[in-house]
There are 2 protein chains.
Amino acid sequence: MSPHLPEQCSHCSMYFDAENFCAKLSDDELVALNAQSSLVTIKRDEAVTEETQKLHPVMAISSGVLSLQHLLHDGRKTIAAILMRGDILDLRNSTRNQLGALIALNSVTLCRLSPVVFDAAIAENPQARMLAWANITDQTFRAINHAADLAKKQALEKLASFIFEIRNRDVRVPGNDHVHIPIRRRDLAEYLGMQPETVSRCFKDLAGRGIIHVSDLSVIRILNAPALRRISNGDRSPKGGRLDVPSFNVLVADA
Amino acid sequence: MSPHLPEQCSHCSMYFDAENFCAKLSDDELVALNAQSSLVTIKRDEAVTEETQKLHPVMAISSGVLSLQHLLHDGRKTIAAILMRGDILDLRNSTRNQLGALIALNSVTLCRLSPVVFDAAIAENPQARMLAWANITDQTFRAINHAADLAKKQALEKLASFIFEIRNRDVRVPGNDHVHIPIRRRDLAEYLGMQPETVSRCFKDLAGRGIIHVSDLSVIRILNAPALRRISNGDRSPKGGRLDVPSFNVLVADA
DNA sequence: CGGCAAGTTGAGCCAGGTCAACTCCGGTGG
DNA sequence: CCACCGGAGTTGACCTGGCTCAACTTGCCG
């Protein structure tokens with residue numbers, strides 16, 4: 001490790017997680033990027049300022065959970081997306097799509113990058129380019145899946161899907177049946193497009209059926225993963241059907 | 001224009017639309033990309049084959065509307081995303097997120113690219129890189145906005161938002177109050193997470209209030225854009241539809 | 001012009017939203 | 001150490017937007 005490695009980077013998860021953008025940068029690139037960047041900590045319920053969005057339209061989540069919130073005229077609020085460690089956010093061409101407010105759901109460490117240096121790194125470092133590209137396409141698919149969840153699933157099914165989504169995005173060892181829920185119930189409700197009351201009832205329902213165990217508000221344990229998966233896949237049969245992935249019976253016509 | 005310009009590219013919207021990836025490629029790059037690529041036409045209700053997805057995980061929509069569909073166990077179907085001309089689809093790291101079926105909603109012309117040559121173009125051509133990046137981030141924000149629409153909006157509001165989404169994505173002259181709806185009512189319903197019956201009732205409602213005029217099933221005309229905007233922004237104030245105050249209520253980001 | 005898919009209209013019903021009351025818990029100060 | 005407070009979560013009772021089902025009309029293609 002180079003002695004020139006910036007201090008703030010040497011402690012950052014973006015640098016230590018092998019799957020992250022910064023981890024693929026050379027020390028020189030890291031120094032260059034860092035020289036034009038700055039870490040900032042945002043407390044819960046605080047927003048990323050307009051100024052930051054303008055001056056540093058490219059940023060990366062180092063830790064915590066950042067939400068993108070939409071507000072309707074009459075006060076209804078929605079968490080349209082949640083961003084977690086390693087996610088890159090490029091606001092440069094978000095002007096046409098009006099993007100909502102960026103609000104921290106817990107203490108967030110944000111690395112505000114220089115667009116110019118970021119672009120340079122993308123241009124010159126193929127590995128970094130691939131990782132950034134992968135992160136963005138991943139975010140796209142995640143958003144699309146989330147939209148699919150919201151479109152047709154019932155409350156219980158949405159909650160089941162959410163549990164799997166969180167488990168998949170968690171950095172910890174996969175396969176662990178303990179799932180850490182990093183946000184409040186009310187935020188969870190807003191993300192899933194439902195009311196806190198309904199979320200509460202659904203947790204109770206799943207626990208009552210012995211599918212999960214809710215120890216703490218922020219930790220649940222999956223007791224019956226296949227059953228949970230069936231619910232998240234929209235299987236409403238009482239005893240549940242088979243637990244394979246839904247098959248798409250479709251015509252097939254290119255090739 | 002080089003005499004070597006591939007025949008199929010010379011007629012393709014991806015090449016002629018200035019905002020598109022292929023338009024930024026040099027003739028040489030276009031020839032190289034084309035040598036490893038192939039156009040295919042998919043008829044309505046047909047799917048992009050598994051084989052294509054495997055062999056050509058990177059593709060671009062040249063014309064038509066392609067949908068990404070999710071199917072639940074009990075048959076509920078959702079259109080999670082719609083892809084239109086110019087959209088780039090990179091399936092290479094879609095394995096972790098199970099992506100649904102890619103199904104044409106009308107006649108789709110798809111350009112199946114070579115990942116290798118695509119990456120090379122991205123690496124060497126800054127303009128092409130920026131455009132590809134912009135397209136993907138755009139898709140991400142679109143998906144997020146769509147998720148926000150589905151989460152908390154009511155049927156009428158979702159339909160209003162959809163009308164604006166389609167108008168914004170349309171290549172034709174902006175500002176035109178005629179909006180062409182390129183998909184069937186039932187597909188629209190699946191995209192918005194509602195029933196065809198409800199879509200029908202909502203169109204009737206908007207027309208009845210004098211906000212839109214539905215001439216043909218596939219063409220509507222916006223008669224009162226501010227009112228439509230208010231509805232899409234969730235303004236439920238008393239006469240949410242009348243021509244009273246022509247306020248320029250853009251969606252509030254924060255505050 | 002016949003046949004079928006797509007879309008519309010109407011009547012009834014239920015999942016989940018709404019509202020209000022209550023519990024739980026962590027922090028604060030006397 | 002305990003009383004108090006406020007925000008978060010839970011529970012119960014009620015209500016409604018939009019789903020469901022079924023019948024009907026319209027539009028499209030051969």
Side-chain angles (χ1 to χ4, degrees), chain A residues 43-46 65 72 74-79 105-107 149-162 181-208 212 214-220 231 234 236 238 251, chain B residues 43-46 65 72 74-79 105-107 149-162 181-208 212-220 231 234 236 240:
Chain A
K43 289 203 290 285
R44 194 175 78 181
D45 293 332
E46 288 180 351
V65 181
L72 296 187
D74 62 356
R76 275 171 290 168
K77 196 169 69 173
T78 299
I79 292 180
L105 297 185
N106 53 30
S107 192
D149 287 350
L150 294 173
K152 280 281 171 63
K153 287 186 182 176
Q154 303 186 267
L156 201 66
E157 297 162 353
K158 289 194 280 192
L159 184 58
S161 302
F162 177 78
I181 297 176
I183 59 176
R184 292 176 295 188
R185 288 281 184 277
R186 49 166 52 197
D187 295 325
L188 202 170
E190 269 158 20
Y191 181 60
L192 296 181
M194 44 207 256
Q195 285 337 100
E197 293 95 324
T198 309
V199 171
S200 175
R201 285 184 246 267
C202 288
F203 268 118
K204 195 183 170 193
D205 187 358
L206 288 175
I212 63 170
V214 183
S215 24
D216 176 320
L217 273 181
S218 65
V219 177
I220 66 157
I231 292 175
R236 284 148 156 185
L251 300 176
Chain B
K43 289 202 290 285
R44 194 175 78 181
D45 293 332
E46 289 179 347
V65 181
L72 296 186
D74 62 356
R76 275 171 290 168
K77 199 169 67 173
T78 299
I79 292 179
L105 297 185
N106 53 30
S107 192
D149 287 350
L150 294 173
K152 279 280 171 63
K153 287 187 182 174
Q154 304 188 260
L156 200 65
E157 297 162 353
K158 289 195 278 190
L159 184 58
S161 302
F162 177 79
I181 297 176
I183 60 178
R184 292 177 295 187
R185 288 283 185 275
R186 48 164 54 194
D187 296 324
L188 202 171
E190 271 158 19
Y191 181 60
L192 296 181
M194 42 206 258
Q195 287 334 102
E197 293 93 325
T198 309
V199 171
S200 175
R201 286 184 247 267
C202 288
F203 268 119
K204 195 183 168 191
D205 187 357
L206 288 176
I212 63 169
H213 177 251
V214 183
S215 25
D216 176 320
L217 272 180
S218 64
V219 176
I220 65 156
I231 292 176
R236 286 154 159 178

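Proteins get letters first, then strands, A, B, ... in listed order; numbering begins at 1 in each.
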Most 5' of B:K204 and B:R184 on DNA chain C, judged by nearest nucleotide: B:R184

How about [X] and [Y]: do any of their side-chain heavy atoms sit closer than 4.5 Å?
X	Y	answer
B:L159	B:L188	yes
B:R185	B:L217	yes
A:E157	B:R76	yes
A:I181	A:F203	yes
A:M194	A:C202	yes
A:L105	A:I79	yes

Going 5' to 3' along nucleotides 14-30 of chain D, which nucleotides have protein heavy atoms under 4.0 Å from the base (write B), which only from the sugar-phosphate (write S), and which from neither (write -)? ---SSSBBB--------

Pairing of B:K77 and B:D187 as salt bridge, 4.0 angstrom limit: no

Working to the nearest 0.5 angstrom, can you tell me the gap between [X] [atom1] and [Y] [atom2]?
X	Y	atom1	atom2	value
A:R186	A:E190	CZ	CD	7.5 Å
B:S200	B:Q195	OG	CD	12.5 Å
A:R201	A:L156	CZ	CG	13.0 Å

At less than 4.0 Å, is any side-chain N or O atom of A:R186 found next to OP1 or OP2 of D:dA8? Yes or no. yes

5' to 3' on DNA chain C, which nucleotides open and close the contacts with chain B (atom under 4.0 Å from a heavy atom)? C:dA6 to C:dA11

Degree of bending in the helix from C:dC1-D:dG30 to C:dG30-D:dC1 once both end axes are built from five pairs, to 10°: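 The two end axes of the helix from C:dC1-D:dG30 to C:dG30-D:dC1 meet at 40°.
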
